[in-house]
J.: 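Can you keep this structure in mind? I'll have questions shortly.
Protein chains get the first letters and strands the later ones, always in sequence-line order, with residue 1 at the start of each.
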Number of protein chains: 2
Amino acid sequence: MTMYQTIMNSISIDCIIFGFNNGVLEALLVKHAIGDSKGEWGLPGGIINKGESIDAAAQRTLRELTGLENIFLEQLKAFGDPKRIPTNRVITIGYYALINREEYDVKAGLTVSEAKWYKINSIPNLIYDHNEILDFGLKKLQTRILNAPIGFNLLPEKFTLLQLMHLYEEILGKELDKSNFRRKILKMKLLVALDEKQQDVSHRAAKLYQFDSDIYEKLSQKGFNFEI
Amino acid sequence: MTMYQTIMNSISIDCIIFGFNNGVLEALLVKHAIGDSKGEWGLPGGIINKGESIDAAAQRTLRELTGLENIFLEQLKAFGDPKRIPTNRVITIGYYALINREEYDVKAGLTVSEAKWYKINSIPNLIYDHNEILDFGLKKLQTRILNAPIGFNLLPEKFTLLQLMHLYEEILGKELDKSNFRRKILKMKLLVALDEKQQDVSHRAAKLYQFDSDIYEKLSQKGFNFEI
DNA sequence: TATACTTATGGTTAATATGACAACAAGTTT
DNA sequence: AAACTTGTTGTCATATTAACCATAAGTATA
C-alpha cells in the first residue's frame with residue numbers, strides 16, 4: 001500500500017446500459033473473467049482515477065465497454081450498504097445510460113469475458129447488489145421518461161410515432177392509446193415530421209419523425225412537462 | 001496509515017437540513033472550528049464508519065449535529081469533482097433532511113463552533129462546493145414536493161391549509177391561489193380535518209388539519225400525483 | 001379484380017380538471 | 001358600527017383527458 005494512489009480506494013462506478021431491441025427493453029451485462037466473482041454476471045463497472053471526476057469516470061467506463069461517447073448518462077445515486085460486497089467495503093456510484101443499439105457494437109474488454117444484452121424481464125442473478133441497482137435504475141428511468149424526452153436516445157435517428165409509443169409502453173409497462181399518445185407527443189412540438197416514410201413494411205408505411213434538439217434546448221430552459 | 005481503517009477514506013457525507021420558520025425556508029449551517037476551513041461556514045457533514053451504511057452515517061451525522069432522529073432524510077447524489085476540495089480528493093455523498101424546527105433544539109457539536117439557520121435567500125459563501133450542493137438540494141426539494149407529500153415534515157403536527165400553502169409558495173418560489181390549492185390538496189384525501197382551530201390569532205381562526213400517514217401509505221403504494 | 005387485413009391517422013364526445021375570480025363567513029381592530 | 005383581515009365556499013368558461021369511432025393507405029389473399 002503506497003501513500004500515493006492513482007485510483008480512488010473503496011469507491012467504484014457501476015453503469016446500467018439500457019438498449020431497445022425489437023420492442024423490448026434490455027440491459028447490457030458482463031461476465032466477469034477474474035477474481036472471486038469469475039464466471040458470474042454483473043453490471044459493467046470500473047474504478048475512479050484520482051484526477052478524474054466521477055461523471056468522467058462513468059463516461060470512460062462506458063467508452064471502454066461500448067466504444068461510445070456523447071451519450072445520455074445520468075447518475076443514479078451512491079449505494080453504500082457495508083455488506084454489499086462480502087469481502088471488502090466498497091461504496092459504488094450508480095449511473096445509467098441510454099443507447100441506440102443500432103449505432104454501436106459492444107465488445108467485452110479488460111476483465112470480462114463476455115458482454116451480452118439481457119431482456120429486462122429476464123435478468124439473471126447478478127453479483128453483489130447489482131440486481132438492486134438495476135431495479136433502482138429502472139424505476140428512475142420510468143419516472144424520468146415522464147419528465148424529459150430522454151427516450152429518444154434509445155431509438156434510431158428516424159422513427160415512427162408508433163415505435164416511440166411502444167418504447168414508452170415497454171418502459172412504463174402499460175398499454176397506451178395510440179391516438180392520445182400521438183396528440184400529446186405532437187403538442188409538445190419536439191418532433192419534426194420528415195418527408196420520408198417507413199420502408200419494407202407489409203402494411204401502410206408510417207411517416208418518419210426526428211427529434212429536434214434545438215427545440216428541446218429552448219423548451220427545457222423554461223421547463224416542460226412530459227406526462228403521457 | 002494503518003491497514004485497518006475504522007473509517008472510509010476519501011468519502012464524506014454532507015447534509016442539507018431544511019427548516020421552515022415564519023414562512024421562510026431556511027437551511028442549517030455550521031461554522032468550522034478546526035482545520036483549513038476554520039471560521040468558515042459550510043453544510044454539516046461527517047465521515048462514514050467502516051461497518052456503517054451511508055444512510056446510517058447520514059442519520060448519525062444528523063443526530064450528532066442536531067440531536068434529532070426518525071427524520072425524513074433522502075440521498076441527493078454523490079459529488080465528485082476532483083478539485084472540489086483543494087487539498088485532497090474527497091467524494092462526498094449529499095443528503096437532505098426536512099425537519100420541523102419547533103420540535104428540536106440545534107446545538108453545535110464536535111468540530112463546529114456554531115450552528116445557525118440561514119434563510120435560503122441569504123446563504124453566505126460556503127466552503128468547497130457546498131453552495132453547489134445546496135442549490136442542487138433545493139432543486140430536488142422543489143421537484144420532490146410536487147410528487148410526494150414530504151412538505152409535512154417541515155410543519156408542526158397540526159397546521160392550517162394556508163400554512164401548508166405558504167410552505168409550497170416559499171419552496172416553489174411562486175404564488176398560489178388559495179381556493180384552488182385548497183381544492184387540490186383536499187381532493188387527495190391525505191389530510192384529516194381536526195375538531196380544532198387556530199388559537200391566538202387576530203383574525204378568524206382557521207381549521208387545523210393533520211397529515212394521515214396511514215392514508216399516505218395506501219396511496220403511495222399505487223402511486224399518486226401531487227401536482228399543485 | 002375484389003375482398004379482407006393491417007397499421008396509420010384523424011376525429012368525436014362526455015367527463016373531468018384547471019385557473020381566475022367573486023362572494024360570503026367569522027372573527028379582530030378602530 | 002364600520003373597517004379590516006383571513007378563512008371558506010362557490011361559479012364559470014376553458015382546457016385537458018380518456019375512451020372510442022371512422023377513415024385512409026397500403027399489403028396480402030382468393
Side-chain angles (χ1 to χ4, degrees), chain A residues 22-24 145-147 149 155-156 158-170 172-210 219 222-228, chain B residues 20 22-24 145-147 149 155-156 158-170 172-211 219 222-228:
Chain A
N22 289 324
V24 179
I145 205 174
L146 291 179
N147 295 303
L155 291 176
K158 300 169 183 180
F159 50 84
T160 72
L161 293 186
L162 267 286
Q163 283 169 351
L164 183 60
M165 188 182 86
H166 291 322
L167 171 62
Y168 272 85
E169 289 182 326
E170 170 71 4
L172 297 175
K174 67 174 178 185
E175 293 205 344
L176 301 172
D177 181 285
K178 42 182 188 164
S179 171
N180 296 336
F181 180 86
R182 165 181 290 266
R183 172 164 42 83
K184 288 188 196 177
I185 205 90
L186 289 179
K187 198 184 56 180
M188 296 177 208
K189 312 268 186 196
L190 274 167
L191 298 184
V192 181
L194 302 174
D195 251 349
E196 290 179 67
K197 295 196 166 185
Q198 272 182 315
Q199 301 293 328
D200 304 321
V201 284
S202 68
H203 54 78
R204 174 176 175 182
K207 183 174 274 218
L208 291 172
Y209 288 80
Q210 211 169 0
L219 277 178
K222 54 175 184 174
F224 59 86
N225 220 358
F226 215 70
E227 300 275 327
I228 299 292
Chain B
F20 188 63
N22 289 323
V24 179
I145 205 174
L146 292 179
N147 296 304
L155 291 175
K158 300 170 182 180
F159 50 85
T160 71
L161 293 186
L162 269 281
Q163 284 170 351
L164 184 60
M165 188 181 86
H166 291 321
L167 172 61
Y168 272 86
E169 289 183 324
E170 171 71 3
L172 297 175
K174 68 174 180 187
E175 292 205 345
L176 301 172
D177 181 284
K178 49 184 183 163
S179 170
N180 297 336
F181 180 85
R182 168 182 288 268
R183 182 178 53 200
K184 288 188 196 178
I185 205 90
L186 289 178
K187 198 186 54 181
M188 296 178 208
K189 311 270 186 195
L190 273 167
L191 298 184
V192 181
L194 302 174
D195 250 349
E196 290 178 67
K197 295 196 166 186
Q198 271 182 315
Q199 300 293 328
D200 304 321
V201 285
S202 67
H203 54 78
R204 174 177 175 183
K207 183 174 275 218
L208 290 172
Y209 287 80
Q210 211 169 359
F211 172 58
L219 277 178
K222 54 175 183 173
F224 58 86
N225 219 357
F226 215 69
E227 301 275 328
I228 299 292

J.: Output the rounded distance in Å from CG (A/Leu146) to P (D/dT17).
T.: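 Result: 13 Å.
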J.: Answer with yes or no whether B/Lys178 presents, from its side chain, a donor or acceptor under 3.5 Å of a partner atom in the base of D/dG7.
T.: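 Result: at least one qualifying N/O pair found.
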J.: Rounded to the nearest 0.5 Å, how far apart are CD of A/Glu169 and CG of A/Leu164?
T.: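 Interatomic distance, A/Glu169 CD to A/Leu164 CG, rounded to 0.5 Å: 10.5 Å.
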J.: Roughly, in whole Å, what's the span from CG in B/Asp200 to C1' in C/dG27?
T.: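 Interatomic distance, CG of B/Asp200 to C1' of C/dG27: 14 Å.
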J.: Polar atom pairs between nucleotides 12-16 of chain C and protein, under 3.5 Å, N or O only, would you list them?
T.:
none

J.: How do A/Ser202 and A/Ile228 order along DNA chain D: which one's closest nucleotide is nearer the 5' end?
T.: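 Nearest-nucleotide comparison on DNA chain D picks A/Ile228.
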J.: With sequence neighbours left out, write down each residue that passes side chain to side chain donor-acceptor pair (under 3.5 Å) with A/Asn147, or none if nothing qualifies.
T.: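 Per chain and number, A/Asn147 pairs via side chain to side chain donor-acceptor pair (under 3.5 Å) with no residue.
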J.: Locate the shortest heavy-atom distance separating B/Met165 from B/Leu176; write the atom from each residue and the value.
T.: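 So the minimum-distance heavy-atom pair works out to CE-O, 3.9 Å.
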J.: Given C/dA25, is OP1 or OP2 found less than 4.0 Å from the side-chain N or O atoms of B/Arg204?
T.: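 So the side-chain polar atoms of B/Arg204 never come under 4.0 Å of the phosphate oxygens OP1 or OP2 of C/dA25.
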J.: Once rounded to the nearest 0.5 Å, what's the spacing between atom NZ of B/Lys178 and atom CD of B/Glu175?
T.: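 One finds 11.5 Å between NZ of B/Lys178 and CD of B/Glu175.
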J.: To the nearest 0.5 Å, what is the distance between CZ (B/Phe211) and CG (B/Leu155)?
T.: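 Reported value, rounded in 0.5 Å steps: 11.0 Å.
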J.: Less than 4.0 angstrom between a side-chain N/O of B/Lys187 and OP1 or OP2 of C/dT18, yes or no?
T.: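 So the side chain of B/Lys187 is within the cut-off, an N or O lying under 4.0 Å from OP1 or OP2 of C/dT18.
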J.: Is it true that B/Gln163 and B/His166 share a donor-acceptor pair across their side chains at a distance under 3.5 Å?
T.: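 No.
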J.: Mind calculating the distance between CG (A/Leu191) and P (C/dT9) to the nearest angstrom?
T.: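 These atoms are roughly 12 Å apart.
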J.: Grab the CD-P distance between A/Glu196 and C/dA8 for me, whole Å please.
T.: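 Taking CD of A/Glu196 and P of C/dA8, I get 17 Å after rounding.
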J.: Can you find a side chain N or O atom of A/Lys197 that sits less than 4.0 Å from OP1 or OP2 on C/dA8?
T.: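 False: A/Lys197 side-chain N/O out of range (4.0 Å or more) of C/dA8 OP1/OP2.
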J.: Which part of the nucleic acid, if any, lies within contact of A/Leu161, taking any heavy atom under 4.0 Å across all strands shown: a base, the sugar-phosphate backbone alone, or nothing?
T.: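 Result for A/Leu161 = nothing.
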J.: Using whole Å, report how far NE2 of B/His166 lies from C1' of D/dT5.
T.: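 After rounding, the reported distance stands at 12 Å.
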J.: Could you give the OH-to-P distance, from B/Tyr209 to D/dG7, as a whole number of Å?
T.: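 Distance, rounded to whole Å: 12 Å.
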J.: Please give, in whole Å, the distance from D/dC20 P to A/Glu175 CD?
T.: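 Interatomic distance, CD of A/Glu175 to P of D/dC20: 13 Å.
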J.: What I'd like to find out is whether the side chain of A/Ile145 reaches to under 4.5 Å of the side chain of A/Ile228, using heavy atoms alone.
T.: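 A side-chain contact is absent here, since even the closest heavy-atom pair is not under 4.5 Å.
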J.: Can you check the B/Phe181 CZ to D/dG7 P distance for me, whole Å?
T.: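 Spelled out: CZ on B/Phe181 to P on D/dG7 is 12 Å.
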